[in-house]
Amino acid sequence: MTLLVVATGNPGKLKEMQAYLADSGWELTLKPEELEIEETGDTFAANACLKASQVALATGNWAIADDSGLQVDALNGAPGVYSARYGKTDSERISRLLNELGDEENRGAQFTCVVAIARPDGAISLQSEGICRGEILKSPRGQGGFGYDPIFYVPDKQLTFAEMTSESKRSISHRGRAFASLLKQGMGHWA
């Protein structure tokens, strides 16, 4: 098995990636805790590549990183790359977003995720993007998920991300689609 360092300190994200890559032949591990990488990119792709590349160089191993966020049509794509920095807590972020949207009729939005894999020399070898379209509700629904999940409604499923089972969410989410695309590109052959 080939070691793949995940450019995150979040064990939840590691677990989620392990579920996507269960049969890929890669052994996933968290990046060293002291290794902090600032997300200075202005796109999801730039941030994912930056994190993967810097973690690969720092550890001398293959590395994987993702960057994702919510883009709201009526807010010209905001919060976008600033999704996590839109407030201190999930409820603050949701409140701010709902306040900014107000009574706007156009509630269209999408979650976007870009995943990047870097070789031990820091060069990006694979990159993929996944998008899940939906709408922003006027108030939160559901107990599951995290972040903006309680206000992100997927019309096809008639549920918010927070109301879906983790398996259901994984199969249609932006992150799930980005990993499916990565595996199609032959990621499994490299391990």
Side-chain angles (χ1 to χ4, degrees), residues 6-24 28 30 39 43-45 47-48 51 64-116 127-184 187:
V6 180
T8 183
N10 180 339
K13 192 173 264 194
L14 173 71
K15 202 172 162 196
E16 197 175 58
M17 284 194 185
Q18 283 170 325
Y20 289 125
L21 302 175
D23 304 318
S24 67
L28 275 61
L30 286 174
E39 295 181 9
T43 64
F44 298 122
N47 282 332
K51 291 188 285 188
I64 187 168
D66 76 332
D67 195 38
S68 59
L70 179 65
Q71 297 169 299
V72 180
D73 300 350
L75 300 178
N76 297 318
V81 292
Y82 304 106
S83 292
R85 294 168 268 187
Y86 224 52
K88 285 187 174 67
T89 63
D90 286 347
S91 58
E92 268 185 36
R93 288 185 274 276
I94 287 172
S95 292
R96 178 176 173 189
L97 183 70
L98 292 177
N99 285 338
E100 288 182 8
L101 257 183
D103 290 330
E104 171 65 47
E105 281 182 34
N106 174 8
R107 311 293 288 185
Q110 67 186 33
F111 267 118
T112 301
C113 176
V114 175
V115 181
Q127 184 179 321
S128 68
E129 179 181 69
I131 290 172
C132 180
R133 288 290 303 170
E135 298 166 4
I136 303 299
L137 295 181
K138 292 191 174 181
S139 58
R141 275 186 13 201
Q143 301 303 310
F146 57 91
Y148 300 96
D149 288 1
I151 57 169
F152 187 76
Y153 178 76
V154 182
D156 291 355
K157 299 283 182 192
Q158 298 193 333
L159 296 169
T160 65
F161 268 1
E163 293 173 307
M164 292 179 193
T165 64
S166 51
E167 291 75 29
S168 181
K169 180 183 167 188
R170 207 168 32 241
S171 70
I172 64 147
S173 77
H174 50 304
R175 193 166 279 115
R177 289 174 175 169
F179 276 95
S181 168
L182 206 61
L183 291 166
K184 268 196 209 112
M187 182 190 168

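What you see below is based on every heavy atom in this structure, not just the backbone, and it leaves out hydrogens, waters and symmetry mates.
Under 3.5 Å, the side chains of Tyr86 and Glu100 contain a donor-acceptor pair of N or O atoms.
The side-chain heavy atoms of Leu182 and Ile64, taken from C-beta on, include a pair separated by under 4.5 Å. Looking at Ser68 and His174, their side chains come closer than 4.5 Å, going by heavy atoms from C-beta outward. Residues Val115 and Asp67 are not in side-chain contact: their nearest non-hydrogen atoms beyond the backbone lie 4.5 Å or more apart. A heavy-atom distance below 4.5 Å is found between the side chains of Glu39 and Arg85. A 4.5 Å side-chain heavy-atom check between Val72 and Asn106 finds every atom pair outside the cut-off. The shortest side-chain heavy-atom distance between Ile172 and Phe161 falls under the 4.5 Å cut-off.
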Exercise for review: Show your working on side chain to side chain contact (heavy atoms under 4.5 Å, CB included) between Arg177 and Cys113 and close with a plain yes or no.
Suggested key: CA-CA 8 Å; Arg177 289 174 175 169; Cys113 176; over 6 Å; no
Practice item. Would you please test Leu183 and Asp23 for side chain to side chain contact (heavy atoms under 4.5 Å, CB included) and show each step? Key: CA-CA 10 Å; Leu183 291 166; Asp23 304 318; over 6 Å; no
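The side chain to side chain donor-acceptor pair (under 3.5 Å) search around Glu92 returns none, not counting sequence neighbours. The side chain to side chain contact (heavy atoms under 4.5 Å, CB included) search around Ser181 returns Ser128, Gln185, not counting sequence neighbours. In this structure, Ser168 has no side chain to side chain donor-acceptor pair (under 3.5 Å) partners at least two apart in sequence or on a different chain. Partners of Ala180 according to the side chain to side chain contact (heavy atoms under 4.5 Å, CB included) rule, which considers only residues two or more places apart in sequence or in another chain, do not exist here. Shown here are the side chain to side chain contact (heavy atoms under 4.5 Å, CB included) partners of Ser139, two or more places apart in sequence or in another chain: there are none. Qualifying salt bridge (Lys or Arg N to Asp or Glu O under 4.0 Å) partners for Glu104, counting only residues two or more places apart in sequence or in other chains: none. Evaluation of the side chain to side chain donor-acceptor pair (under 3.5 Å) rule for Gln110 yields Gln71, Thr112, Arg133 as partners, not counting sequence neighbours. Contacts of Thr43 classified as side chain to side chain contact (heavy atoms under 4.5 Å, CB included), with partners at least two apart in sequence or in another chain: Ala45, Ala46.
Rounding to the nearest 0.5 Å gives a distance of 5.5 Å between CE of Met164 and CG of Leu159. To the nearest 0.5 Å, the span separating OG1 on Thr89 from CD1 on Ile94 amounts to 8.5 Å. Separation of atoms CD1 (Ile136) and CG (Leu70) is listed at 4.5 Å; rounding is to 0.5 Å.
Under the 3.5 Å distance criterion, the side-chain polar atoms of Arg107 are left unmatched by any main-chain donor or acceptor of Glu135.
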Contacts table for residues 144-155: side-chain donor-acceptor under 3.5 angstrom, sequence neighbours left out:
from	atom 1	to	atom 2	distance (Å)
Tyr148	OH	Ser83	O	2.7
Asp149	OD2	Phe146	N	3.1
Asp149	OD2	Lys169	NZ	2.6

Show which side-chain atoms of residues 12-20 pair as donor or acceptor with protein atoms under 3.5 Å away, not counting sequence neighbours.
from	atom 1	to	atom 2	distance (Å)
Lys13	NZ	Asp66	OD1	2.9
Glu16	OE1	Arg175	NH1	3.3
Tyr20	OH	Gly176	N	3.4

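Annotation: salt bridge (charged side-chain N to carboxylate O under 4.0 Å, His left out) contacts involving residues 138-148, sequence neighbours excluded, comprise Arg141-Glu163.
Annotation: Glu167, atom CD; neighbour count of heavy atoms from other residues, nucleotides and ligands within 6.0 Å is above 12.
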